[in-house]
Amino acid sequence: MSDQKRIRVAVIFGGRSSEHAISCVTAGSVLDALRNGTEADRYEILPIGIAADGRWVLAESPDGTGPRLAIADGELPEIGRPASAERASLVTMAGDPTARELTVHEPGSVPKSLGEVDVVLPLLHGPYGEDGTLQGLLELAGIPYVGSGVLASAVSMDKEFMKRLLAQAGFEVGPYEVVRPRDWATEEGRAAVRLAVEELGYPVFVKPARAGSSMGITRVAAPADLDTAIEVARRHDPKVLVEAAIPGREIECGVLEGVDPLDRPDASLPAELRVTGPHAFYDFEAKYLDGTTEVDIPARLTAEEIEDIREQAVGVFETLGCEGLARVDFFYQESADGGPGRFIVNEINTMPGFTPTSMFPQMWQAAGLSYPALIARLVDSALRRSTGLR
């Protein structure tokens with residue numbers, strides 16, 4: 001591609017949410033694929049990290065080195081540690097909200113333009129990135145970006161409204177209760193919450209309403225542990241969801257926007273998660289730290305059931321107005337009479353984990369789409385879409 005203009009991709013990662021480190025891990029893998037994959041000559045990469053305090057920094061020094069973007073010996077990566085804050089090159093959007101360029105502010109130097117950006121790859125997980133906030137900023141600037149727009153990102157991030165919309169559209173979702181800040185502010189409110197959860201029946205899962213990566217989730221087997229679990233979830237989000245435990249196998253399915261934006265989305269082969277070792281469920285440690293999870297791709301389902309879950313995954317994607325990519329998570333319950341089982345929607349992730357060993361790329365790899373080709377497809381589909389109303 002030496003005789004053509006290279007695509008200028010701003011890769012944004014880190015962020016203010018509790019999923020900061022997982023976003024960094026995702027970015028490390030994607031940056032490596034963009035730079036060293038089979039289509040590396042197509043891209044010019046601009047890595048931008050968002051520190052936990054919200055600062056945007058140029059996450060690469062002039063000599064080409066950057067921060068560690070991997071989990072090493074159990075230590076999670078982080079952008080903008082205090083020790084490096086004074087040397088950081090801060091990045092801002094252009095003063096003109098319609099401009100598609102970024103500006104870098106280096107210590108002791110006059111601010112300079114980094115030039116226009118063709119497309120943004122927002123690899124942020126959780127609030128302040130995956131929830132429509134960054135997407136709104138990019139819409140105002142008219143910069144194409146990978147993934148869902150403002151509304152779909154916000155609704156998919158908030159598990160309460162995601163479940164409400166999907167249930168209204170006819171998808172099966174499990175029973176749940178929402179604990180809002182005002183519900184937990186008084187003893188009278190707390191008593192009402194405890195009573196509502198009692199009606200769900202134990203065990204239950206307590207989780208932040210707007211978080212992912214298994215952050216802040218607790219399996220609660222008895223009423224005595226409920227209050228502590230809610231407080232743990234509230235460290236990540238003041239709004240909490242309490243879900244009835246659903247017996248069944250955990251099945252996931254990836255969805256990609258069609259090659260042409262007007263085409264119907266494509267669904268991957270489904271994958272089944274099997275948590276082994278000491279973990280009671282697919283928590284943060286099982287997911288990222290100790291490698292005790294086993295995966296079957298394709299999931300152990302009949303051909304009819306595989307077609308059913310793929311259809312439902314695409315249906316969830318379209319119902320919520322998603323674009324680009326998503327991973328839809330289900331519980332599968334076998335039929336008592338030996339017929340097809342049923343699928344209950346757990347949640348959707350509009351920016352799923354994206355390392356080569358993450359579920360989403362693995363499912364597409366099994367369908368014949370390599371990791372570099374998957375990233376290229378996402379970038380190309382973002383470039384074909386317009387910003388604004390569509």
Side-chain angles (χ1 to χ4, degrees), residues 4-17 23 26-27 30-31 34 42-50 54 56 58 91-104 113-158 161-162 165 255-266 317-326 348-352 354 374-390:
Q4 299 180 30
K5 179 182 179 293
R6 301 174 85 187
I7 300 171
R8 201 142 196 264
V9 184
V11 179
I12 302 181
F13 55 95
R16 293 168 54 191
S17 82
S23 172
T26 289
V30 172
L31 286 168
L34 287 170
R42 297 184 66 207
Y43 308 113
E44 180 185 351
I45 312 302
L46 189 62
I48 298 171
I50 301 181
W56 290 34
L58 192 59
V91 175
T92 61
M93 299 285 283
D96 178 1
T98 65
R100 292 171 54 164
E101 61 181 53
L102 299 170
T103 302
V104 63
S113 172
L114 292 172
E116 288 196 353
V117 171
D118 294 315
V119 62
V120 168
L121 187 46
L123 300 176
L124 296 149
H125 301 309
Y128 312 110
E130 192 183 347
D131 60 348
T133 48
L134 177 62
Q135 289 76 8
L137 179 64
L138 296 172
E139 291 282 354
L140 289 173
I143 303 176
Y145 55 92
V146 170
S148 291
V150 175
L151 178 61
S153 296
V155 170
S156 298
M157 185 84 258
D158 191 312
F161 290 101
M162 177 267 294
L165 287 175
V255 183
L256 281 176
E257 180 179 299
V259 173
D260 184 298
L262 298 180
D263 291 343
R264 194 166 189 267
D266 296 322
F317 187 90
E318 293 192 305
T319 296
L320 299 177
C322 296
E323 296 169 292
L325 74 162
I348 184 172
N349 280 270
T350 55
M351 183 49 69
F354 218 97
L374 175 58
I375 296 171
R377 175 166 167 172
L378 291 170
V379 170
D380 290 343
S381 67
L383 288 169
R384 282 192 293 267
R385 286 197 309 268
S386 62
T387 53
L389 299 178
R390 52 189 183 274

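Keep in mind that what you see is a predicted model, and the values were worked out from it rather than measured.
Residues satisfying the salt bridge (Lys or Arg N to Asp or Glu O under 4.0 Å) criterion with E44, sequence neighbours excluded, are R8. Shown here are the side-chain contact (heavy atoms from CB on, under 4.5 Å) partners of Q135, two or more places apart in sequence or in another chain: Y145, V150, S153. Applying the side-chain contact (heavy atoms from CB on, under 4.5 Å) criterion to I50, with sequence neighbours excluded, gives I12, W56, L124. Listed by chain and residue number, T103, H105 satisfy the side-chain contact (heavy atoms from CB on, under 4.5 Å) test with T92 (two or more places apart in sequence, or in another chain). Applying the side-chain contact (heavy atoms from CB on, under 4.5 Å) rule to T26 yields the partners V30, L123, H125, F354; only residues at least two apart in sequence or on another chain are considered.
Side chains of V255 and D266 form no contact here, defined as non-hydrogen atoms less than 4.5 Å apart. In this structure, the side chains of L34 and I375 come closer than 4.5 Å at one or more pairs of heavy atoms. In this structure, P144 and V120 have side chains that are not in contact, with every pair of non-hydrogen atoms separated by 4.5 Å or more.
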Can you check side-chain contact (heavy atoms from CB on, under 4.5 Å) on L256 and L378, steps first, answer last? CA-CA 8 Å; L256 281 176; L378 291 170; 3.6 Å; yes
Which is it for L165 and V155 under the side-chain contact (heavy atoms from CB on, under 4.5 Å) test, yes or no, and what are the steps along the way? CA-CA 9 Å; L165 287 175; V155 170; 3.3 Å; yes
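In this structure, the side chain of D131 engages the main chain of Y128 through a donor-acceptor pair within 3.5 Å. Of the possible donor and acceptor atoms, none in the side chain of E116 sits under 3.5 Å from a partner among the backbone N and O of R100. Between the side chain of R16 and the main chain of P127, no donor-acceptor pair closer than 3.5 Å is present. Of the possible donor and acceptor atoms, one in the side chain of R390 sits under 3.5 Å from a partner among the backbone N and O of G388. Side-chain atoms of S23 do not come within 3.5 Å of backbone N or O of F13 as any donor-acceptor pair. E257 places a side-chain N or O within donor-acceptor distance of the main-chain N or O of G324, the cut-off being under 3.5 Å.
Atom CG of L114 is separated from atom CG of L58 by 6.0 Å, given to the nearest 0.5 angstrom.
Using a 4.0 Å cut-off between a side-chain N of Lys or Arg and a carboxylate O of Asp or Glu, R385 and D380 do not qualify as a salt bridge.
Nearest heavy-atom pair across A382 and V119 is CB-CG2, 3.8 Å. Between I348 and C322, the closest heavy-atom pair is CD1-SG, 3.8 Å. Between G142 and T387, the shortest heavy-atom contact is CA-OG1, 3.6 Å. The two residues T350 and A152 have their closest heavy-atom pair at CG2-O, 4.4 Å.
In this structure, R6 fails the cation-pi test against Y43, since its NZ or CZ atom is not both closer than 6.0 Å to the six-membered ring centre and inside 45 degrees of the ring normal.
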Going by atom type alone, with no hydrogens or angles, which donor-acceptor pairs under 3.5 Å involve a side-chain atom of residues 258-265 and a protein atom two or more places apart or on another chain?
from	atom 1	to	atom 2	distance (Å)
D260	OD1	L262	N	2.8
D263	OD2	D260	N	3.3
R264	NH2	E311	OE1	3.2

